[in-house]
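Heads up: the structure comes next, in structure tokens.
Within every chain, numbering begins at 1; the chains are lettered A, B, ... in the order of the sequence lines, protein sequences first and strands thereafter. All figures in this text were calculated on a predicted structure; none of them were measured in a lab.
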Amino acid sequence: MKLNVSTRVRRCAVAKIWEEEGIFHANDLSEKPRSYVLEMFPYPSGRIHIGHVRNYTMGDVFARYKRMQGFEVLHPMGWDAFGMPAENAAMEKGVHPGGWTRDNIAHMKQQLKRIGFALDWSREIATCEPEYYGHEQALFLKLFEAGLVFRKESEVNWDPVDRTVLANEQVIDGKGWRSGAEVERRKLSQWFLKITDFAEELLEGLGSLDSWPDKVRLMQENWIGKSQGLRCIFKFVGSQDGIEVFTTRPDTMFGASFVAIAPDHPVAQQMSENAPALQNFIAECKKGGTTAAEIDTAEKMGFNTGLSVAHPLDSSWHLPVYVANFVLMDYGTGAVFGCPAHDQRDLDFARKYDLTVTRVVADGDKVDSDFDGDEAYSGPGRIVNSHFLNDMEIAEAKAAVIAKAESEAWGSGQTQYRLRDWGVSRQRYWGTPIPIIHCEICGAVPVPADQLPVKLPEDVGFDIPGNPLDRHPTWSKADCPHCGGAARRETDTLDTFVDSSWYFIRFASQPGHAPFDKLTAEKWLPVDQYIGGVEHAILHLLYARFWTRALSHIGMIDVKEPFSSLFTQGMVTHQTYKHGDGSWLSPDQVRKEGADWTVIADGSPAIAGRVEKMSKSKKNVVDPDDIVDQYGADAVRWFMLSDSPPERDLEWSEAGIEGCWRFTQRLWRLTGQVSGADGEDKPLSRKMHQAIEGVAEDIEALSFNKAIAKIYDLTNAIEKAPPSSARDEAIRTIIRLAAPMVPHLAEEAWEKLGEGGLIANMPWPDVNPAMLIEDEVTIAVQIKGKLRDTLLAAKGLPNDELQALALASAKVQSAIAGQEVRKVIVVPDRLVNIVI
RNA sequence: GCGGACGUGGCGAAAUGGUAGACGCUACAGACUUAAAAUCUGUUAUCAGUAAUGGUGUGCGGGUUCGAGUCCCGCCGUCCGCACCA
């Protein structure tokens with residue numbers, strides 16, 4: 001226990017003053033420049049995780065810094081409160097999801113408050129409350145009216161024993177997590193949002209997001225997956241009907257050796273009606289989960305339908321038609337032609353079913369049509385063995401085939417996206433009810449606005465798997481808003497990604513009667529700095545971008561991109577330990593003895609495992625409450641920011657937090673050293689001004705580890721310096737520089753230094769540019785790029801004088817040893833490189 | 001399988017193409033102390049050398065350049081995402 005009681009009491013008092021004065025409440029009417037700082041809101045799982053602490057500390061430092069720079073800052077917090085864990089808790093512990101969630105929120109809110117985050121709690125949101133999700137239903141219906149919502153069949157993971165839809169994470173090795181039954185893919189009619197209408201916009205918009213990490217933009221670009229290709233028909237032999245195929249490689253058409261269609265392609269479905277063998281094959285394909293990884297890694301299987309199609313470029317050339325498990329109905333036309341020589345999947349398939357493999361793109365000097373080996377060639381090259389395409393470049397050949405297809409009317413060039421429409425239906429209770437009523441006569445009818453919110457019923461049970469809304473005795477019964485006849489409510493709820501697709505707008509403006517007020521929201525949006533985990537790089541961020549654009553499209557808000565600057569922080573990791581039998585041990589169950597680890601309880605040997613992401617199952621979690629009790633919030637905050645660059649993983653360690661705690665003490669001791677002495681200290685003052693500038697730059701760039709290194713540097717310099725008024729000023733300044741990071745200590749120190757008011761309200765210290773300039777610089781002297789000497793020179797010395805100084809150096813003279821100097825490269829104020 | 005990233009001392013790291021290892025942690029030595037803790041001072045990439053100094057060194061192999069941790073090509077390893085976890 002590092003903190004004594006009185007310290008803890010004082011720190012609580014500090015937090016209370018911030019709260020009483022309401023200094024972190026954002027003023028909608030402020031005349032100041034604005035800054036909207038947001039961290040991804042947490043799922044209320046029960047306890048704040050150390051990863052949250054890292055995320056929110058970064059945002060907090062940035063928000064506090066922006067306040068010091070004179071901005072009106074909006075820094076809100078809320079809860080992504082719908083989701084599966086609440087239902088799991090209900091099943092396991094018999095508690096109601098709502099009660100469980102609200103208890104968790106209350107507890108976690110207290111935890112956050114203890115860490116001293118400068119949050120505007122007056123804008124707190126929990127997505128599970130009708131005050132939030134009712135507005136979400138209204139927005140959903142706006143999109144419905146705009147034609148951006150539709151219904152279609154889509155596959156889900158079906159557990160045939162529990163008779164329940166499973167989430168991907170509930171499918172383990174193709175089996176249901178509770179029942180252990182082999183999971184099947186089953187089709188259900190579900191609601192979708194037309195995100196594909198915005199594919200091009202979302203792709204183009206990435207270009208304007210220059211304050212997003214390149215990797216995230218690249219991932220989204222690949223996810224949207226724009227490609228140009230040919231859509232064309234392979235006609236059945238002797239028929240005008242055929243199979244429509246999409247390909248991005250029309251240049252390889254003369255290398256085609258088969259056509260493959262998806263198991264749920266209409267042609268396959270129709271044929272299977274009278275073909276039990278095909279039926280079995282299709283059923284076989286439907287085994288296992290729905291994820292791309294599972295489908296891609298499944299062994300490639302095909303079924304020869306016996307059908308033949310004619311090659312569009314040569315109708316006398318016939319190709320077999322297979323049903324194949326690796327062809328997806330969701331992408332393109334659900335049918336492809338296989339060119340094994342130049343596509344790995346097709347090659348694997350061709351080898352397995354003994355189909356011809358013809359080379360049509362030259363691989364260096366390999367041009368013969370017979371292709372051997374098991375590695376497809378997808379690189380550049382000239383077209384070979386392809387009649388009129390021979391000798392063309394790939395791009396040229398693509399254009400030639402598309403032109404021919406268009407002129408002969410058997411196909412056309414087409415832009416295709418990999419992005420699929422967003423399925424938002426979930427067969428679960430704990431989510432936003434989809435505000436639709438199904439009437440046998442009128443179809444799917446929106447719930448009228450004056451009947452919103454459609455509230456979740458409280459009286460539900462979780463003793464049986466499946467959706468309690470579906471089997472609720474009365475809830476789903478409703479009158480059709482059109483004809484007044486008996487009808488049934490939609491019992492699916494919305495994907496929780498919908499909840500997180502507009503919460504940042506609600507934070508900016510939350511009237512009671514509407515989702516948000518357009519003008520007020522536009523004052524704050526877009527979010528100036530958004531911070532969260534990379535794991536959200538694609539889905540959440542893309543959905544939120546889409547939702548914002550959709551609202552903009554229907555005129556509800558004039559904002560295209562919701563997050564102008566994005567930062568993705570790394571995970572918090574910790575050493576793991578195991579028993580000899582492989583079971584996990586928590587770090588406090590082991591002790592180091594010499595080079596080895598032993599289990600404290602029984603002295604048996606323990607194994608120090610890898611440093612891994614903190615998780616309950618590996619027992620390497622640290623509870624923020626415990627460490628705040630032990631070291632205080634400031635030391636914990638300092639640790640979250642120091643050493644590791646924020647975008648990388650941070651390893652939690654006992655030694656590390658101890659070091660941070662010691663630093664907070666050092667800083668505190670400094671504040672007792674104000675001497676009142678007179679006198680200048682130019683080098684110290686220069687260091688101080690460099691720190692004011694450097695720390696500001698680093699915080700702006702979210703390089704907290706570098707900012708902290710600069711604060712350490714200045715601390716070292718202050719400690720070494722003799723008393724002077726410059727030193728006293730440096731002490732007062734360093735507290736202000738550290739204030740965003742260690743706000744409690746800074747507040748107390750401010751009082752102790754006899755300064756008035758709250759440091760939280762102080763501006764960032766001013767830099768005197770004249771004080772930044774160094775008058776001497778160290779010049780590196782190299783010979784052929786190798787360092788041989790360094791010398792001190794006046795800053796700004798002309799190149800010829802630097803060169804003369806370097807050549808005069810004794811070390812240089814002995815290294816040259818009379819050889820001819822061929823060239824000298826001089827970088828002003830930096831180095832001289834002598835080439836001999 | 002597909003897509004994306006990362007790799008520098010004992011450890012976390014720093015370094016507009018220009019002195020690799022700032023800053024922190026650990027460890028070791030010393031001061032203070034009856035003692036311990038705390039604190040303070042110093043050392044801490046590696047090899048050779050008493051030292052001065054010199055060689056080597058940023059995952060591995062090549063390349064561009066006067067000069068490469070940084071740029072290019074090819075490997076290896078680790079991590080993240082893949083549409084119903086959030």
Side-chain angles (χ1 to χ4, degrees), chain A residues 40-43 45 80 82-85 154 156-157 165-171 190 195 213-216 218-219 221-223 225 289-298 300 326 330 344-345 348 418-428 495-497 499-500 533-540 542-543 568 570-571 573 610-613 642-645 647-651 653 655-656 658-660 662-663 665-666 669 703 705-706 708-713 715-716 719 778-790 811 822-825 827 830-836:
Chain A
M40 292 177 186
F41 65 164
Y43 178 78
S45 58
D80 191 10
F82 274 137
M84 272 198 323
S154 171
V156 293
N157 298 307
V165 176
L166 299 179
N168 284 337
E169 72 159 9
Q170 296 174 318
V171 179
Q190 308 196 66
I195 190 172
D214 288 340
K215 63 174 175 182
V216 175
L218 192 57
M219 280 191 259
E221 188 182 322
N222 289 335
W223 187 260
T290 57
T291 73
E294 278 173 303
I295 293 166
D296 286 353
T297 50
K300 284 162 194 64
F326 63 89
D330 285 328
Q344 193 59 48
R345 277 186 317 194
D348 295 343
R418 203 186 72 103
L419 181 69
R420 306 201 298 257
D421 279 322
W422 176 12
V424 292
S425 291
R426 297 293 179 272
Q427 295 70 38
R428 279 184 242 294
D495 181 3
T496 56
F497 275 128
D499 308 336
S500 54
V534 236
E535 64 271 23
H536 296 292
I538 297 174
L539 295 180
H540 160 59
L542 192 63
Y543 290 148
T568 55
M571 299 179 300
T573 62
R610 291 158 33 126
V611 173
E612 295 201 58
K613 177 180 179 172
S642 56
D643 289 354
S644 285
E647 68 278 11
R648 255 191 253 177
D649 290 352
L650 170 73
E651 187 188 341
S653 77
E658 287 276 345
C660 292
R662 280 201 302 270
F663 178 75
Q665 301 308 298
R666 240 174 110 192
R669 277 198 303 275
S703 298
N705 57 321
K706 292 193 226 169
I708 278 185
K710 288 182 176 113
I711 291 175
Y712 273 120
D713 232 357
T715 307
N716 292 340
E719 282 178 348
T778 310
I779 306 292
V781 182
Q782 301 178 331
I783 292 177
K784 284 167 69 175
K786 284 212 170 203
L787 183 73
R788 290 296 162 186
D789 198 6
T790 56
K811 285 179 189 162
R822 290 179 20 216
K823 193 171 171 186
V824 179
I825 288 134
V827 182
R830 283 234 171 220
L831 67 71
V832 179
N833 187 15
I834 299 159
V835 186
I836 53 175

Review point. Between A:Met219 (CE) and B:G3 (P), how many Å, whole number?
Key: 13 Å
Review point. Picking from B:C66, B:G1, B:A15, which would you name as closest to the side chain of A:Asp296?
Key: B:G1
Exercise for review: Round to a whole Å and report the spacing from CD of A:Glu535 to P of B:A83.
Suggested key: 15 Å
Exercise for review: Determine the contact category for A:Lys786: base if any of its heavy atoms lies under 4.0 Å from a base atom, sugar-phosphate if only primed atoms, P, OP1 or OP2 are that close, otherwise nothing.
Suggested key: sugar-phosphate
Check your understanding: Which part of the nucleic acid, if any, lies within reach of A:His540 when heavy atoms closer than 4.0 Å are counted: base, sugar-phosphate only, or nothing?
Key -> nothing
Review point. Which value, in whole Å, describes the distance between the C1' atoms of nucleotides B:G57 and B:A48?
Key: 15 Å
Exercise for review: Identify whether any heavy atom of A:Glu647 sits under 4.0 Å from a base atom; if not, whether one sits that close to sugar-phosphate; answer base, sugar-phosphate or nothing.
Suggested key: nothing
Exercise for review: Identify whether any heavy atom of A:Gly423 sits under 4.0 Å from a base atom; if not, whether one sits that close to sugar-phosphate; answer base, sugar-phosphate or nothing.
Suggested key: sugar-phosphate
Point to revise | Touch class at under 4.0 angstrom, heavy-atom based, for A:Ser425 against every strand present | key: base
Study note, to complete from the structure: Whole-Å distance, A:Leu650 CG to B:C25 C1', equals 12 Å
Review point. Starting at CZ of A:Phe497 and ending at P of B:C82, how long is that distance when rounded to a whole Å?
Key: 8 Å
Exercise for review: Could you tell me whether A:Arg822 contacts a base, only the sugar-phosphate backbone, or nothing, with contacts defined as non-hydrogen atoms closer than 4.0 Å?
Suggested key: nothing
Exercise for review: Assign B:G9 to syn or anti; the rule is syn for a glycosidic angle within 90° of 0 and anti otherwise.
Suggested key: syn
**Study point:** Nearest-angstrom distance from the residue atom CZ of A:Arg830 to P of B:G17
**Key:** 10 Å
Review point. If you measure from the C1' atom in B:G49 to the same atom in B:G55, how many Å do you get, rounded?
Key: 12 Å
Check your understanding: Which part of the nucleic acid does A:Ile825 contact within heavy-atom distance under 4.0 Å: base, sugar-phosphate only, or nothing?
Key -> base
Check your understanding: Taking atom C1' of B:G21 as reference, at what distance in whole Å does atom CG of A:Asn705 sit?
Key -> 15 Å
Practice item. Could you tell me whether A:Trp422 contacts a base, only the sugar-phosphate backbone, or nothing, with contacts defined as non-hydrogen atoms closer than 4.0 Å? Key: nothing
Practice item. Using only heavy-atom distances, decide whether a donor-acceptor pair under 3.5 angstrom links the side-chain of A:Gln427 to the base of B:C84. Key: yes
Review point. Want to settle it: does A:Lys811 or A:Ser653 sit nearer the 5' end of RNA chain B, counting the closest nucleotide to each?
Key: A:Ser653
Point to revise | N/O donor-acceptor pair, side chain A:Arg428 with base B:C84, under 3.5 angstrom | key: yes
Check your understanding: With a non-hydrogen cut-off below 4.0 angstrom, is A:Ser644 in contact with a base, only sugar-phosphate, or nothing?
Key -> sugar-phosphate
Study note, to complete from the structure: A:Tyr543 has its side chain closest, among B:G18, B:A83, B:C25, to B:A83
Point to revise | Test log, rule side chain to side chain contact (heavy atoms under 4.5 Å, CB included), inputs A:Asp495 and A:Trp422 | key: CA-CA 10 Å; A:Asp495 181 3; A:Trp422 176 12; 3.0 Å; yes
Check your understanding: Base, sugar-phosphate, or nothing: which does A:Val827 touch, judged by heavy atoms less than 4.0 Å apart?
Key -> base
Exercise for review: Output yes when a side-chain donor or acceptor of A:Asp421 lies under 3.5 Å from a complementary backbone atom of A:Ile195, and no otherwise.
Suggested key: yes
Exercise for review: Would you classify A:Ala655 as touching base, sugar-phosphate or nothing, given that sugar-phosphate means primed atoms plus P, OP1 and OP2, and contacts are heavy atoms under 4.0 Å?
Suggested key: sugar-phosphate
Check your understanding: Of the candidate nucleotides B:U26, B:A22, B:C84, which contains the atom at the shortest distance from the side chain of A:Arg426?
Key -> B:C84
Review point. When the nearest nucleotide of RNA chain B is assigned to A:Lys300 and to A:Leu419 on a heavy-atom basis, which residue is associated with the more 5' position?
Key: A:Lys300
Point to revise | Quiz item: A:Glu651 side-chain donor-acceptor pair to B:C25 base, under 3.5 Å | key: no
Exercise for review: Decide yes or no, distance alone: a donor-acceptor N/O pair under 3.5 angstrom between the base of B:C66 and the side-chain of A:Asn833.
Suggested key: yes
Revision key, fill the gap. From the candidates B:A83, B:C66, B:C85, the one with an atom nearest any side-chain atom of A:Leu539 is B:A83
Check your understanding: Out of B:U19, B:A14, B:C84, which has the shortest distance to the side chain of A:Ala780?
Key -> B:U19
Point to revise | Given B:G7, B:A86, B:G24, the nucleotide with the shortest approach to the side chain of A:Thr496 | key: B:A86
Practice item. Would you mind reading off the distance between A:Phe326 atom CZ and B:C2 atom C1', rounded to a whole angstrom? Key: 14 Å
Review point. With no angle test and no hydrogens, is the base of B:G3 tied to the side chain of A:Asn222 by a donor-acceptor pair under 3.5 Å?
Key: no
Check your understanding: Counting any heavy atom closer than 4.0 Å, what does A:Val781 reach on the DNA or RNA strands: base, sugar-phosphate only, or nothing?
Key -> nothing
**Study point:** B:A37 and B:C32, which share atom name P, separated by this distance in whole Å
**Key:** 15 Å
Exercise for review: Please assess A:Phe326 against A:Asp348 for the test side chain to side chain contact (heavy atoms under 4.5 Å, CB included), listing each intermediate value before the final yes or no.
Suggested key: CA-CA 11 Å; A:Phe326 63 89; A:Asp348 295 343; over 6 Å; no
Practice item. Look at all strands and tell whether A:Arg418 reaches a base, only sugar-phosphate, or nothing, counting heavy atoms closer than 4.0 Å. Key: base
**Study point:** Nearest listed nucleotide, side chain of A:Val165, among B:A86, B:C82, B:C84
**Key:** B:C84
Point to revise | Atom-pair distance (CD1 on A:Ile711; P on B:A22), nearest Å | key: 19 Å
Check your understanding: With sugar-phosphate meaning primed atoms plus P, OP1 and OP2, does A:Pro645 contact a base, only sugar-phosphate, or nothing at under 4.0 Å between heavy atoms?
Key -> sugar-phosphate
